[in-house]
Structure formats: C-alpha cells, structure tokens
Amino acid sequence: MARNKFHDGPGPSQRQLRVAELLRRRLSEVLSQGEIHDPDLNRLSITVGEVIVSPDLKVATAYVVPLGGVSLGAKDAQDDMFDLLKQNKHELRRALSRGLNLKYAPELRFRLDETFDHLDDTRRMFSDEKVIKDLEN
C-alpha cells in the first residue's frame, strides 16, 4: 500500500479525523432519529462517543455505550445493544452513506466505549487524600 506523502506521522491524518467526526455525527443522527426499520434498535438510546477510521477509510470502528453508561447489572442490555447493532449493520451503513458524500460507505464495527469509566477512575484518584496533598505541595 502506498504511503501518503503528506502524512508520515504515527497518528491519524486530518482526513481520517474529519471523516471520523462526520461519521460519528451522522451515526448519532441515524440512531437518535430512528431511521432504521428495527423497533427494538429504535427503542434504545445509544451514545456514540468516538469513531475511528482506517487509513483507507473503508473500515470505521464506532465506540458506543447505552445512554446512562455501563453498569454491572446492564451487561444483558449491553449485549442486546451489540446484537441489534450487528443485525442492522448493513442498514446502518446504507443510512450513513445517504447522508455523506463519500466514495465508499465504510464497513461498520462496534466496540464498547469505556472512556466514561476511565473518567470516573480519574475523578476517584484525584479525590484521594494522598493525591490532594501531593497536588497542594
């Protein structure tokens, strides 16, 4: 595969970032407005935290979480969400391509967004007495 002569860095290119943000917004719209013909999927409230696109823009990984976050008791609901997203992957791909001007509609993959869990851990760490003392010094 040929290297992009304008981007040699380790991170994503500007184009990848721009397309990923467009996909995130459009996927959020599709899921929130119920554009998919699956009443079970339309009943769910899903937050799309981030989308990462492959360098060739043909694969998009969407990091999603059910509204309200992830809890230990919600494991079944989380599994149901991923099953419904997987079942409707092709229809979601078509809905995304209708709203965007891309040469190819990327293949969609879904992963659990654990960002909010990491934020809670960080907050907990900063509220620890020992850390507060270190920050004050």
Side-chain angles (χ1 to χ4, degrees):
M1 185 163 118
R3 299 269 318 171
N4 183 345
K5 66 180 178 178
F6 298 110
H7 179 72
D8 290 334
S13 67
Q14 284 296 316
R15 185 170 187 218
Q16 282 176 272
L17 294 172
R18 190 171 54 248
V19 169
E21 182 59 21
L22 288 172
L23 289 170
R24 187 193 67 77
R25 288 181 186 176
R26 180 67 184 133
L27 184 59
S28 293
E29 284 176 15
V30 167
L31 291 172
S32 67
Q33 295 175 359
E35 294 182 28
I36 304 302
H37 301 290
D38 186 346
D40 293 330
L41 183 61
N42 291 335
R43 220 174 283 129
L44 295 176
S45 294
I46 299 172
T47 302
V48 182
E50 183 180 13
V51 173
I52 296 177
V53 181
S54 65
D56 62 359
L57 305 180
K58 292 192 177 186
V59 177
T61 304
Y63 290 88
V64 296
V65 65
L67 189 64
V70 179
S71 62
L72 296 175
K75 184 70 175 157
D76 291 334
Q78 186 179 313
D79 291 341
D80 291 343
M81 176 190 71
F82 282 113
D83 289 342
L84 289 169
L85 288 170
K86 192 174 184 180
Q87 287 172 8
N88 294 291
K89 182 168 44 173
H90 300 292
E91 192 174 352
L92 284 165
R93 186 177 182 181
R94 274 193 301 276
L96 283 178
S97 68
R98 273 184 259 137
L100 300 174
N101 190 16
L102 295 174
K103 188 172 184 178
Y104 299 103
E107 175 192 336
L108 294 174
R109 297 178 182 167
F110 298 98
R111 303 282 181 266
L112 182 63
D113 186 2
E114 297 175 339
T115 307
F116 299 108
D117 295 337
H118 296 301
L119 287 173
D120 289 340
D121 291 341
T122 304
R123 276 193 208 104
R124 215 172 298 120
M125 181 182 71
F126 279 121
S127 65
D128 186 17
E129 301 261 340
K130 293 176 187 175
V131 175
I132 292 173
K133 283 182 183 179
D134 286 343
L135 291 174
E136 290 174 352
N137 292 335

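Since the model is a prediction, treat every value here as computed from it, not as a measurement. Only this structure's heavy atoms are used, side chains among them; waters, hydrogens and symmetry mates stay out.
- Here the rule is side chain to side chain contact (heavy atoms under 4.5 Å, CB included) with Ser28, and of Arg26, Arg25, Arg24 only Arg24 fits it.
- Remark: Asp40 engages Arg43 in a salt bridge, criterion side-chain N to carboxylate O under 4.0 Å.
- For Arg94, there are no side-chain hydrogen bond (donor to acceptor under 3.5 Å, both in side chains) partners, not counting sequence neighbours.
- Contact of the Leu31 side chain with the Leu92 side chain is registered, since non-hydrogen atoms from C-beta on lie closer than 4.5 Å.
- Grouping the Ile, Leu, Val, Met, Phe, Trp and Tyr side chains by contacts below 4.5 angstrom, directly or via other members, places Ile46 with Leu22.
- Across every non-hydrogen atom of Tyr63 and Leu112, the tightest pair is CD2-O, 3.7 Å.
- Proximity of Val59 to Val53: side-chain heavy atoms (C-beta onward) are nowhere separated by under 4.5 Å.
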Derivation and outcome, side chain to side chain contact (heavy atoms under 4.5 Å, CB included), residues Thr61 and Phe110
CA-CA 6 Å; Thr61 304; Phe110 298 98; over 6 Å; no
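- In terms of modelled atom types and a separation under 3.5 Å, the side chain of Glu91 and the main chain of His37 share a donor-acceptor contact.
- When the side-chain hydrogen bond (donor to acceptor under 3.5 Å, both in side chains) test is applied to Asn42, no partner is found at least two apart in sequence or on another chain.
- A donor-acceptor distance shorter than 3.5 angstrom exists from the side chain of Gln16 to the backbone of Ser13, with no hydrogens or angles considered.
- Both Val30 and Leu44 are part of a single hydrophobic cluster, where members link through side-chain heavy atoms under 4.5 Å apart.
- Remark: the backbone N or O of Ala105 is not paired with any side-chain donor or acceptor of Ser97 at under 3.5 angstrom.
- Counting heavy atoms of neighbouring residues, nucleotides and ligands inside a 6.0 Å radius, atom NZ of Lys89 exceeds 12 of them.
- Side-chain atoms of Met81 and Pro66, non-hydrogen and from C-beta on, do get closer than 4.5 Å to each other.
- Between Leu23 and the options Leu57, Leu108, Leu100, a side chain to side chain contact (heavy atoms under 4.5 Å, CB included) holds for only Leu100.
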Go through the steps for Leu17 and Glu21 under the test side chain to side chain contact (heavy atoms under 4.5 Å, CB included), then give the verdict.
CA-CA 6 Å; Leu17 294 172; Glu21 182 59 21; over 6 Å; no
